[in-house]
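Have a look at the structure below, then the notes.
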2 protein chains.
Amino acid sequence: MKELSTKQSRILSFLHQFLDNKGYPPTIRDIVKGCKISSTSVVEYNLRALEQEGHIRRDREVSRGIELSGGRRIVRVPIIGSIAAGEPIPVPTSDTWGLEAMESLELTEELTRGKKEVYALKVKGTSMVDALINDGDLVLMQQVATAENGDMVAVWLKREKEATLKRFYLEPGRVRLQPDNEEMKPIYVDPEDVEIQGKVIGVIRKVE
Amino acid sequence: MKELSTKQSRILSFLHQFLDNKGYPPTIRDIVKGCKISSTSVVEYNLRALEQEGHIRRDREVSRGIELSGGRRIVRVPIIGSIAAGEPIPVPTSDTWGLEAMESLELTEELTRGKKEVYALKVKGTSMVDALINDGDLVLMQQVATAENGDMVAVWLKREKEATLKRFYLEPGRVRLQPDNEEMKPIYVDPEDVEIQGKVIGVIRKVE
DNA sequence: CCCCCTTTCGAACGCTTGTTCTAATAACGT
DNA sequence: ACGTTATTAGAACAAGCGTTCGAAAGGGGG
């Protein structure tokens, strides 16, 4: 990994600026004007170097075919429903995924940590306070079939007809569900009674 | 604000998909192929409608000159320190802002809601549990001098030498600090004792 | 000074792409 | 059925745009 020449870093910052400003990448001739370079082939030359170093990705023969490398990705996370104490937890199906009309949340990959099959649930009611989750909070979920010990999961307790968010520990003959709050006591349930609906990977609270 | 035709919403979602995928907007002919439309002028026609409705912004005569409206902007929020019970709350100064080496958080404007002067604090310890905030949580803050009743604020209690996050209510002769948790009781303090350090606009918890 | 490498220059070629125009077709209320 | 408006077709134009190429200009190191 070499370091960039002054011209290359000027081009790179111009790319960021242009993209932030206009919403689409510049043409080579835009870069010529923006960076006060004299010829398109000079830009082509340095662009090739920037691509080599991995700072950008180019689609050849395509106008404005420049993509900035680096996790500036935005992920659209669907809010597929709400989670409340007395109602079953909605689980994503093929139907619910593609739907465009659905409410959604725009996040960076920093929050989803690159995981796929991420969705969100809106918390209704204050029944999850022992997991430090409030009414109106958004819970980021990853669709999983099984959980490992220590995972924060969304479970449906069949007998109690309750949805809850707790840390999952499989112990001999029973399941311990530990609230994410040191002051609260865990609850113990029959393994047959728990239905794991997803893994919690984050909580987002918008205040006010 | 009319509603979109099926073709228009299909174009719109194709725009999102293409942009997420490639990092730059599609050409009109890309849309023709991607949405199985028969002619470029049909796309032009519907694009014009989408622009009219404010869903996109176009730069005429410019290839791929389509920008999606709506806050797909990414904001870099600096994590300027941590907040704990026994330590003062760090307040952003001109020094702390521009620093590049600092740890930071990449968020969409959906979370910061377009506000400026937003920073983040990492919560150390479990002293904020009564505000439903856990050890390790990130608190999104907006720098403000004064607070209004009902605002969720970060305050420094001079006498107790404690930092805490509560809802702020100025009452006759005293300040009521109400935890964001119905099960907890408020605390009352002398107005002289409170120092408002910022307004909480969000909480982010990464689980596991 | 000479050799080798990097960088710059300017022009030209040819595909790409937004736009426009005319005509045709569908949708729809009266 | 009629007229009006919305939508679609297809083609063609002109400017936009990435690419290429040969040559020239630096720029160290021996």
Side-chain angles (χ1 to χ4, degrees), chain A residues 1-69 100-101, chain B residues 1-69:
Chain A
M1 197 93 151
K2 297 175 194 168
E3 51 184 281
L4 320 78
S5 80
T6 67
K7 189 163 300 191
Q8 280 163 17
S9 62
R10 201 168 46 184
I11 290 179
L12 200 53
S13 75
F14 177 75
L15 283 174
H16 276 97
Q17 180 185 324
F18 194 100
L19 205 47
D20 273 358
N21 207 300
K22 309 256 197 164
Y24 50 84
T27 68
I28 289 187
R29 285 172 175 87
D30 286 333
I31 302 176
V32 165
K33 286 171 197 159
C35 297
K36 287 170 185 154
I37 295 174
S38 45
S39 176
T40 62
S41 34
V42 177
V43 176
E44 166 72 16
Y45 180 87
N46 289 308
L47 240 35
R48 211 176 279 261
L50 283 175
E51 186 182 20
Q52 201 97 23
E53 297 293 324
H55 292 96
I56 61 175
R57 199 175 68 73
R58 290 183 75 193
D59 276 4
R60 301 302 180 84
E61 316 257 341
V62 167
S63 70
R64 303 174 193 272
I66 303 175
E67 184 181 5
L68 293 173
S69 302
E100 264 307 321
Chain B
M1 197 91 150
K2 295 175 196 169
E3 52 184 279
L4 321 81
S5 79
T6 67
K7 190 162 299 191
Q8 281 163 16
S9 60
R10 202 168 46 185
I11 290 179
L12 200 54
S13 74
F14 176 76
L15 284 173
H16 277 98
Q17 180 187 323
F18 194 100
L19 206 46
D20 275 358
N21 207 297
K22 309 258 197 159
Y24 49 83
T27 67
I28 289 187
R29 284 172 175 86
D30 285 334
I31 302 175
V32 165
K33 286 170 196 158
C35 296
K36 288 170 186 152
I37 294 174
S38 45
S39 176
T40 61
S41 36
V42 177
V43 176
E44 167 73 16
Y45 180 86
N46 292 87
L47 240 36
R48 212 176 277 261
L50 283 174
E51 186 183 19
Q52 200 97 22
E53 296 294 323
H55 292 96
I56 62 175
R57 198 174 69 74
R58 293 183 72 192
D59 275 4
R60 300 305 181 83
E61 316 257 339
V62 168
S63 70
R64 303 173 194 272
I66 304 175
E67 183 181 4
L68 293 173
S69 302

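Sequence lines set the chain letters: A, B, ... in the order given, protein chains first and strands last, and positions in each chain run from 1. Keep in mind it's a predicted model, so treat the numbers as computed, not measured.
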Exercise. Work out which heavy atom in A:L19 is nearest to a heavy atom in A:P25; give both atom names and the distance.
Key: CD1-N, 3.4 Å
Exercise. Sugar-phosphate means primed atoms, P, OP1 and OP2; the rest is base. With that split, encode nucleotides 11-27 of chain C 5' to 3' as B, S or - using protein heavy atoms under 4.0 Å.
Key: B-----BBBB-------
Quiz prompt | Gap between atoms CD1 and P, on B:I11 and D:dT8 respectively (whole Å) | solution = 9 Å
Quiz item: What pair of heavy atoms forms the shortest contact from B:K22 to A:D59, and how long is it?
Solution: CD-OD2, 4.1 Å
Quiz prompt | Short side-chain N/O contact to C:dT8 OP1/OP2 from A:N46, under 4.0 Å | solution = yes
Self-check item: Interatomic distance where CD1 belongs to A:I31 and C1' belongs to C:dT8 [whole Å]
Solution: 16 Å
Exercise. Take A:N46 and A:I31 through the side chain to side chain contact (heavy atoms under 4.5 Å, CB included) test and state the conclusion after the steps.
Key: CA-CA 11 Å; A:N46 289 308; A:I31 302 176; over 6 Å; no
Quiz item: Where is the tightest heavy-atom contact between A:I56 and A:L47, given as atom of each residue plus distance?
Solution: CD1-O, 3.8 Å
Exercise. Could you tell me whether the side chain of A:C35 reaches within less than 4.5 Å of the side chain of A:K7, counting heavy atoms only?
Key: no
Quiz item: Which whole-number value in Å describes the distance from A:I37 CD1 to D:dG18 P?
Solution: 14 Å
Practice problem: Using salt bridge (Lys or Arg N to Asp or Glu O under 4.0 Å) as the criterion, list what pairs up with A:E44, not counting sequence neighbours. | Solution: A:R48, A:R58
